Amino acid sequence: MPSADTLLLSSSPLILLAQQLGEHALAWFALALTVSVLGAGLACRMLQRRHPLPDTGEPDESRLALGLGLGFVLILAAAVLVAWIASHLGDGRTMGRADQALADAIGAHVPWGALVSFSWLTHLGDAQLLAPVCGVVALLLWRNAHRGLALGWVTALGGIVVLNPALKHIFARARPVHDHGLALETSFSFPSGHSSGAIVSYGMLLYLALRLLPARWHVPAAMAAVAAIVTIACSRIFLQVHFASDVAAGLLTGLGWLLVCVSSLEYARHRKRRTAR
């Protein structure tokens, strides 16, 4: 007979929510992807209307200071959230039980065809794919005299390659157990490297697109970047190579590092304009 503590944990609202999400995981994924992509496109369009000045316009010092300040606050918030998630993943903790409940429900209710599709889509976040992309983009930027952007791009992708494994060894969390054989990983689980790598890589590609491409490409670029990030992150949960909290922490650490890199590039651009002026 289950103990009182087991019954209490199994009836936790968070665990019940995780079970419900897992039972209807594909529908929730479709909804999250649609809302995220449309939201990214709408946000980009609104920013274009509010700030229509071209990149060659005079820098606005107050706007730069506000952007850097907001970025710093978001970095701190991401770090606090990652620490909070990590502190609630111990043995018997509700969040850890919810992670397992979600993984079990996904394994029981997601059809094989969907898992095969996610096993292909998850490769969009593989280091074997992103490393050549990093080299090609850096070379193109350098050859077109965008050397500061090339350095920022390489620093962003290289930094997350160092940061994520370091965090994995600090927390040393075991991965979920699965038997489908579609994805095999041997490293620690927390935080998700694919998720952090995706948000840094595709986020930086979006930043480069906003800086270098004509305005008509900005909205499609924002929608494509968000679609890639959400799909890669969710694929790790569907394939049961990561718990949901691993993916959340990976997105937060990646977002924090992305904000550091973008803020640094924007500050350097502002200083260069100010010196030239």
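The shown structure was predicted, so the numbers you read here are calculated from the model rather than taken from an experiment. Computed over heavy atoms, backbone and side chain alike; hydrogens, waters and symmetry mates excluded.
Between V162 and P165, the shortest heavy-atom distance links the atoms O-CD, 3.5 Å. Pairing each heavy atom of A244 with each of I237, the nearest pair is CA-CD1, 3.8 Å. Residue T231 comes nearest to L121 through the heavy atom pair CG2-CD1, 3.7 Å, listed as atom of the first residue, atom of the second, then distance. Residues I85 and A249 come closest through the heavy atom pair CD1-N, 4.4 Å. Closest approach of G125 and L130 over heavy atoms only: O-CD1, 3.9 Å. Across A156 and W257, no two heavy atoms sit closer than the pair O-NE1, 2.7 Å.
Connection of V219 to L213 is not established within any shared hydrophobic cluster, with ILVMFWY side chains joined at heavy-atom distances below 4.5 Å, either directly or through further cluster members. Transitive grouping of hydrophobic side chains (ILVMFWY, heavy atoms separated by less than 4.5 Å) brings L251 and V35 into a common cluster. L167 and V200 end up in the same hydrophobic cluster when Ile, Leu, Val, Met, Phe, Trp and Tyr side chains are linked at under 4.5 Å. Two different hydrophobic clusters hold V154 and L151 under the rule that ILVMFWY side chains link at heavy-atom gaps under 4.5 Å. Following chains of ILVMFWY side-chain contacts shorter than 4.5 Å, one can reach W120 starting from L115, so the two form part of one hydrophobic cluster.
V136 belongs to a hydrophobic cluster whose remaining members, ordered by chain and number, are L140; membership requires side-chain heavy atoms of ILVMFWY residues under 4.5 Å apart, directly or through intermediates.
In this structure, R175 has no salt bridge (Lys or Arg N to Asp or Glu O under 4.0 Å) partners at least two apart in sequence or on a different chain.
Of the possible donor and acceptor atoms, none in the side chain of K168 sits under 3.5 Å from a partner among the backbone N and O of F190. No donor-acceptor pair under 3.5 Å is formed between the side chain of S195 and the backbone N or O of P191. Panel note: side chain Q19, backbone A101; no donor-acceptor pair is recorded below 3.5 Å. W142 places no side-chain N or O within donor-acceptor distance of the main-chain N or O of A150, the cut-off being under 3.5 Å. Proximity of a side-chain donor or acceptor of D99 to a complementary backbone N or O of F243 within less than 3.5 Å is not detected. Within the 3.5 Å criterion, the main-chain N or O of C134 finds a donor-acceptor partner in the side chain of W153. A donor-acceptor pair under 3.5 Å is formed between the side chain of S196 and the backbone N or O of G193. Although no hydrogens or angles enter the test, the distance criterion places no donor-acceptor pair under 3.5 Å between the side chain of S36 and the main chain of L33. Between the side chain of H242 and the backbone N or O of S189 there is at least one donor-acceptor pair closer than 3.5 Å.
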**Item:** side chain to side chain contact (heavy atoms under 4.5 Å, CB included) between L102 and I106, worked out
**Value:** CA-CA 6 Å; L102 177 61; I106 286 175; 4.0 Å; yes
Take W28 and E23 through the test side chain to side chain contact (heavy atoms under 4.5 Å, CB included) and record every step on the way to the result. CA-CA 10 Å; W28 283 110; E23 291 175 6; over 6 Å; no
Report the C-alpha distance between S235 and H194 in whole Å, list the side-chain angles of each, state the deciding distance to 0.1 Å, and finish with yes or no for side chain to side chain contact (heavy atoms under 4.5 Å, CB included).
CA-CA 10 Å; S235 73; H194 273 67; over 6 Å; no
For this session: Verify side chain to side chain contact (heavy atoms under 4.5 Å, CB included) between Y267 and S263, making sure each step is shown before the conclusion.
Result: CA-CA 6 Å; Y267 180 74; S263 297; over 6 Å; no
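Here the CD1-CG distance, from I199 to L255, works out to 4.5 Å after rounding to the nearest 0.5 Å. Separation of atoms CZ (F238) and OG (S117) is listed at 11.0 Å; rounding is to 0.5 Å. L252 CG to S245 OG: the interatomic distance, rounded to the nearest 0.5 Å, is 11.0 Å. Note that CD1 of I229 and CG of L124 are 11.5 Å apart. Values are rounded to the nearest 0.5 Å. Taking CG of L81 as the start and OG1 of T253 as the end, the distance is 11.5 Å to the nearest 0.5 Å. Once rounded to the nearest 0.5 Å, the distance linking CG of L129 with NE2 of H123 reads 10.0 Å.
Annotation: side chain of L141 is not in contact with side chain of R147 (no heavy-atom distance under 4.5 Å). A heavy-atom distance below 4.5 Å is found between the side chains of Y202 and I232. Between M95 and Q100, every side-chain heavy-atom pair lies at or beyond the 4.5 Å cut-off. Side-chain contact between V133 and S201 is absent, with no heavy-atom pair separated by less than 4.5 Å. Looking at T122 and V241, their side chains never come closer than 4.5 Å, going by heavy atoms from C-beta outward. Residues L206 and L210 are in side-chain contact: their nearest non-hydrogen atoms beyond the backbone lie under 4.5 Å apart. Here the side chains of N164 and S192 are not in contact, with every heavy-atom distance at 4.5 Å or above.
Side-chain rings of F118 and F29 approach one another, their centers coming within less than 6.0 Å.
Under 4.0 Å is where a charged nitrogen must lie from a carboxylate oxygen, and between R97 and D104 no such pair does. Ion pair D246/R236 not flagged as a salt bridge, since none of the NZ, NE, NH1 or NH2 atoms sits closer than 4.0 Å to an Asp/Glu carboxylate oxygen.
Pairs of residues two or more places apart, or lying in two chains, that qualify as side-chain hydrogen bond (donor to acceptor under 3.5 Å, both in side chains) and include a residue from residues 212-221 are Q48-H218.
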